[in-house]
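Right, one structure below, let's go through it.
Proteins come first, then strands; the chains are lettered A, B, ... in the order of their sequence lines, and each starts at number 1.
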Number of protein chains: 2
Amino acid sequence: MTEKPAGAAEGVDSVLAALADPTRRRLLDLLAAQGEVTATTLAGSLPVTRQAVVKHLGVLDAAGLVSGTRVGREVRYSVQPAALGATARWMATLAADWDRRLATVKRIAEAAERESRPPETPR
Amino acid sequence: MTEKPAGAAEGVDSVLAALADPTRRRLLDLLAAQGEVTATTLAGSLPVTRQAVVKHLGVLDAAGLVSGTRVGREVRYSVQPAALGATARWMATLAADWDRRLATVKRIAEAAERESRPPETPR
DNA sequence: CCCAGGAGCAACCTGGGAGTTGCACTCCGG
DNA sequence: CCGGAGTGCAACTCCCAGGTTGCTCCTGGG
């Protein structure tokens, strides 16, 4: 199931897409700093409308980065570290993989080079 | 030089923006798999034009994720793990920070709740 | 010296995301 | 029961990133 060779995580792309927008990152920052806040409150700290904030929160929620809880007539949003952590791990794995491949390619290249220059006598 | 303490990385946003596009991720995948390839070759493995590939490679290069080397009349591109690793670490740190804040908020909330219900006698 | 395959440039088109406005609905307090 | 605060939904505008086409400019090989 979780053994997709390359490009595992399903949610990774939504997380990346969500994180790509600066406003959404600001939003996450505020959310992380203030704990549980309503969209209206957040809009007060940003140069955008409440509606825009709501939309962004929707995207972030779809990516699993935040979650909202209804309290009376308001909705308190809070940050959700799990999704971010998963993406971070995915990324780290990818980086390590690249490193591995690069090392391999480099070794092969060196070997090939050594192989292809018998006539040359560097000292 | 590249040592901003926390919240740091200037390049993080460009990396995230670069990674947000699926085509660019495919591109990185191919690049990681094949080592050193030209834009034209890459375009052959993708449903887009060579020009589109070139543009994407430009973005990826600006984000420090790839680098191109001129060899004769062609340009070989290769993947650059450093930037990705840095972003991965930044992300992991951020996730940990959120976790910390959440734990704190939770503790405070619990304390406050305990504080606010002296009249109730759950016996 | 010529030509062919590859890279670079510039103008152009287009879909979707970010943002706004306007209104209907819901919930709490007096 | 009524009014106001707060949220939810929908239509609309604007802008830009992704993609294309059509060239020109190198460069290397015969």
Do other residues, nucleotides or ligands put more than 12 heavy atoms under 6.0 Å from Arg101(B) CZ?
yes

Is it the case that more than 12 heavy atoms not belonging to Arg25(A) sit under 6.0 Å from its CZ atom?
yes

Could you tell me the separation between the [atom1] atom of [X] and the [atom2] atom of [N], rounded to a whole number of Å?
{"X": "Arg25(B)", "N": "dA17(D)", "atom1": "CZ", "atom2": "C1'", "result": "15 Å"}
{"X": "Leu57(B)", "N": "dG19(D)", "atom1": "CG", "atom2": "P", "result": "12 Å"}
{"X": "Arg70(B)", "N": "dT27(D)", "atom1": "CZ", "atom2": "P", "result": "7 Å"}
{"X": "Arg76(A)", "N": "dA5(D)", "atom1": "CZ", "atom2": "P", "result": "18 Å"}
{"X": "Asp21(A)", "N": "dC15(D)", "atom1": "CG", "atom2": "C1'", "result": "14 Å"}

Using a cut-off of strictly less than 4.0 Å, decide whether [X] has a side-chain nitrogen or oxygen near OP1 or OP2 of [N].
{"X": "His56(A)", "N": "dG19(C)", "result": "yes"}
{"X": "Thr49(A)", "N": "dG19(C)", "result": "no"}
{"X": "Thr23(B)", "N": "dG19(D)", "result": "yes"}

Most 5' of Arg73(B) and Val71(A) on DNA chain C, judged by nearest nucleotide
Arg73(B)

Which comes earlier along DNA chain C counting from the 5' end, the contact point of Thr41(B) or that of Ala52(A), where each point is its nearest nucleotide?
Thr41(B)

Working to the nearest 0.5 angstrom, can you tell me the gap between Leu19(A) CG and Met91(B) CE?
5.0 Å

Counting C-beta onward and ignoring hydrogens, is there a side-chain heavy-atom pair between Leu16(A) and Trp90(A) closer than 4.5 Å?
yes

How far apart are the C-alpha atoms of Asp29(A) and Arg26(A), what are their side-chain angles, what is the distance that settles it, and do they pass the salt bridge (Lys or Arg N to Asp or Glu O under 4.0 Å) test?
CA-CA 5 Å; Asp29(A) 256 4; Arg26(A) 277 295 327 260; 5.2 Å; no

Quiz item: [X] side-chain donor-acceptor pair to [N] base, under 3.5 Å:
{"X": "Arg24(A)", "N": "dG17(C)", "value": "no"}
{"X": "Arg50(B)", "N": "dG19(D)", "value": "no"}
{"X": "Lys55(A)", "N": "dG17(C)", "value": "no"}
{"X": "Gln51(A)", "N": "dG22(C)", "value": "yes"}

Want to settle it: does Ala39(A) or Pro47(B) sit nearer the 5' end of DNA chain D, counting the closest nucleotide to each?
Ala39(A)

Check every atom of dT20(D), dG8(D), dG6(D) against the side chain of Val48(B) and return the nucleotide holding the closest atom.
dT20(D)

